[in-house]
Amino acid sequence: MRKIVYSMSVSLDGFMEGPNHDIGWHRVDEELHLHFNEWLGTMGAFLSGRVTHQLMADFWPTADADPASTAAMVEFAGIWRDMPKIVFSRTLERADWNTTIKRDVVVEEIRALQAEPGGDLVLGGADLAATFRRLDLIDEYRVYVHPVLIGRGRPMFRPMEGTTDLRLAETRGFGNGVVLLHYAARR
């Protein structure tokens, strides 16, 4: 059974984005980007909400044509384009780049998707992750903690009833000070 893995970068004080959707404080250097490419290249699909999908679709399809792109960015552009993507949106009319639109998160459909062969499914976007968490659909959490305090912004997790018990699966530090905290759900 494929796992659903929620992956997100956060500031040390727990924000995934600053005011006005600012993510300029992310410390993604070549080492970290190569790590993302190695891991994400093994995934079976990207699952995201409309906002996250559109942010990715606005940049990655042609990033490899930008002379300012690093080798890791060029590689990720190909990974992103080729990877199957499922975007959950009630308003998005159409999506390109190997993307399927789903209107709602239906537990039975997600479980059927997990039962298909292939790599794990990476989940992106705080709103969609809140829905998946409420429905107990997240198997692992990969939190990339960036060495910065931004003071305010959008938190990675919304307040929610109940406790999710996790076990530490892996930690890894990167040269730029980012630390990966990888947890698996206890079930």
Side-chain angles (χ1 to χ4, degrees), residues 2-11 15-103 105 113 116-129 132 140-148 150 153-154 156 172-182:
R2 301 195 291 181
K3 293 180 258 175
I4 295 175
V5 183
Y6 179 38
S7 179
M8 186 60 67
S9 288
V10 297
S11 63
F15 297 103
M16 56 171 265
E17 64 182 34
N20 301 313
H21 309 288
D22 177 39
I23 59 169
W25 49 268
H26 284 193
R27 306 290 193 257
V28 180
D29 62 3
E30 197 76 354
E31 176 194 19
L32 185 57
H33 216 301
L34 288 170
H35 162 79
F36 286 140
N37 291 356
E38 182 180 333
W39 175 61
L40 293 171
T42 68
M43 294 291 105
F46 294 141
L47 312 177
S48 62
R50 181 190 53 79
V51 172
T52 299
H53 176 76
Q54 287 181 315
L55 285 171
M56 299 295 281
D58 285 346
F59 181 75
W60 288 111
T62 59
D64 53 353
D66 184 341
S69 290
T70 67
M73 291 170 71
V74 168
E75 180 183 18
F76 184 74
I79 292 169
W80 190 88
R81 275 193 310 265
D82 294 344
M83 185 70 61
K85 290 167 277 304
I86 299 171
V87 61
F88 293 84
S89 173
R90 292 187 182 107
T91 59
L92 194 61
E93 295 295 324
R94 61 185 284 298
D96 295 321
W97 309 109
N98 200 14
T99 303
T100 301
I101 298 171
K102 296 274 189 182
R103 297 296 175 207
V105 177
L113 182 62
E116 292 177 8
D120 291 337
L121 309 168
V122 66
L123 177 65
D127 291 338
L128 184 61
F132 272 64
E140 295 183 0
Y141 295 80
R142 292 178 69 99
V143 181
Y144 292 85
V145 182
H146 292 247
V148 62
I150 63 173
R154 187 167 184 197
M156 180 175 173
R172 178 175 173 184
F174 297 89
N176 61 5
V178 172
V179 175
L180 163 62
L181 301 173
H182 177 191

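One is the number of the first residue; the rest follow in order along the sequence. Just so you know, these numbers come straight off a predicted model, no measurement behind them.
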Practice problem: In sequence, state the C-alpha distance, the side-chain angles, and the governing distance for Lys85 and Trp80, and then conclude on side-chain contact (heavy atoms from CB on, under 4.5 Å). | Solution: CA-CA 9 Å; Lys85 290 167 277 304; Trp80 190 88; 3.5 Å; yes

Practice problem: Decide side-chain contact (heavy atoms from CB on, under 4.5 Å) for Trp97 and Met83; before the verdict, give the C-alpha distance in whole Å, the side-chain angles of both, and the deciding distance to 0.1 Å. | Solution: CA-CA 8 Å; Trp97 309 109; Met83 185 70 61; over 6 Å; no

Self-check item: Worked check of side-chain contact (heavy atoms from CB on, under 4.5 Å) between Asp127 and Arg154
Solution: CA-CA 11 Å; Asp127 291 338; Arg154 187 167 184 197; 2.4 Å; yes

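The number of heavy-atom neighbours closer than 6.0 Å to CZ of Arg103, taken from other residues, nucleotides and ligands shown, is above 12. When the shell of 6.0 Å around CD of Glu30 is examined, it contains more than 12 heavy atoms from other residues, nucleotides or ligands.
In this structure, Ile23 and Glu17 approach most closely via the heavy-atom pair CG2-CB, 3.9 Å. Nearest heavy atoms, Arg81 versus Asp64: NH2-OD2, 2.8 Å. Taking every heavy atom of both residues into account, Thr91 and Ser89 meet most closely at N-OG, 3.1 Å. What you find for Ala63 and Ala77 is that their closest heavy atoms are CB-CB, 4.2 Å. Considering every non-hydrogen atom in both Phe36 and Ser9, the closest pair reads CZ-OG, 4.5 Å. The two residues Ser69 and Val74 come nearest to each other via the heavy atoms CB-CG2, 4.0 Å.
Glu140 contributes no side-chain N or O that, together with a main-chain N or O of His182, makes up a donor-acceptor pair within less than 3.5 Å. Proximity of a side-chain donor or acceptor of Glu31 to a complementary backbone N or O of Gly175 within less than 3.5 Å is detected. Remark: the backbone N or O of Leu113 is paired with a side-chain donor or acceptor of Arg2 at under 3.5 angstrom.
Atom CG of Asn176 sits about 12.0 Å away from atom NE2 of His26, to the nearest 0.5 Å. Separating the CG atom in Asn98 from the CD1 atom in Ile86 is a distance of 10.0 Å, to the nearest 0.5 Å. Here Arg50 contributes atom CZ and Leu128 contributes atom CG; the two are 12.5 Å apart, rounded to the nearest 0.5 Å. In this structure, the separation between CG on Leu121 and CD on Glu116 is 8.5 Å, given to the nearest 0.5 Å. Separation of atoms CE (Met8) and CE (Met156) is listed at 6.0 Å; rounding is to 0.5 Å. Rounded to the nearest 0.5 Å, atoms CD (Glu75) and CG (Leu34) are 6.5 Å apart.
Looking only at side-chain heavy atoms (C-beta outward), His53 and Ile101 stay at 4.5 Å or farther from each other. Put simply, the side chain of Val122 does not reach to within 4.5 Å of the side chain of Arg142, judged on heavy atoms. A 4.5 Å side-chain heavy-atom check between His146 and Leu32 finds at least one atom pair inside the cut-off. Taking 4.5 Å as the limit, some side-chain heavy atom of Phe174 sits within range of a side-chain heavy atom of Leu180. The side-chain heavy atoms of His21 and Leu55, taken from C-beta on, include no pair separated by under 4.5 Å. Taking the side chain as every heavy atom from C-beta outward, Pro147 and Val178 approach each other to under 4.5 Å. Put simply, the side chain of Ile150 does not reach to within 4.5 Å of the side chain of Asp22, judged on heavy atoms. The shortest side-chain heavy-atom distance between Ile79 and Met43 does not fall under the 4.5 Å cut-off.
When each of Arg172, His35, Arg27 is tested with Tyr144 by the rule side-chain hydrogen bond (donor to acceptor under 3.5 Å, both in side chains), just one qualifies, namely His35.
Salt-bridge check for Asp96 with Arg94: passed, with a basic side-chain N closer than 4.0 Å to an acidic carboxylate O.
Using the six-membered ring where Trp is involved, Phe76 and Phe46 have ring planes that are tilted, between 30° and 60° apart.
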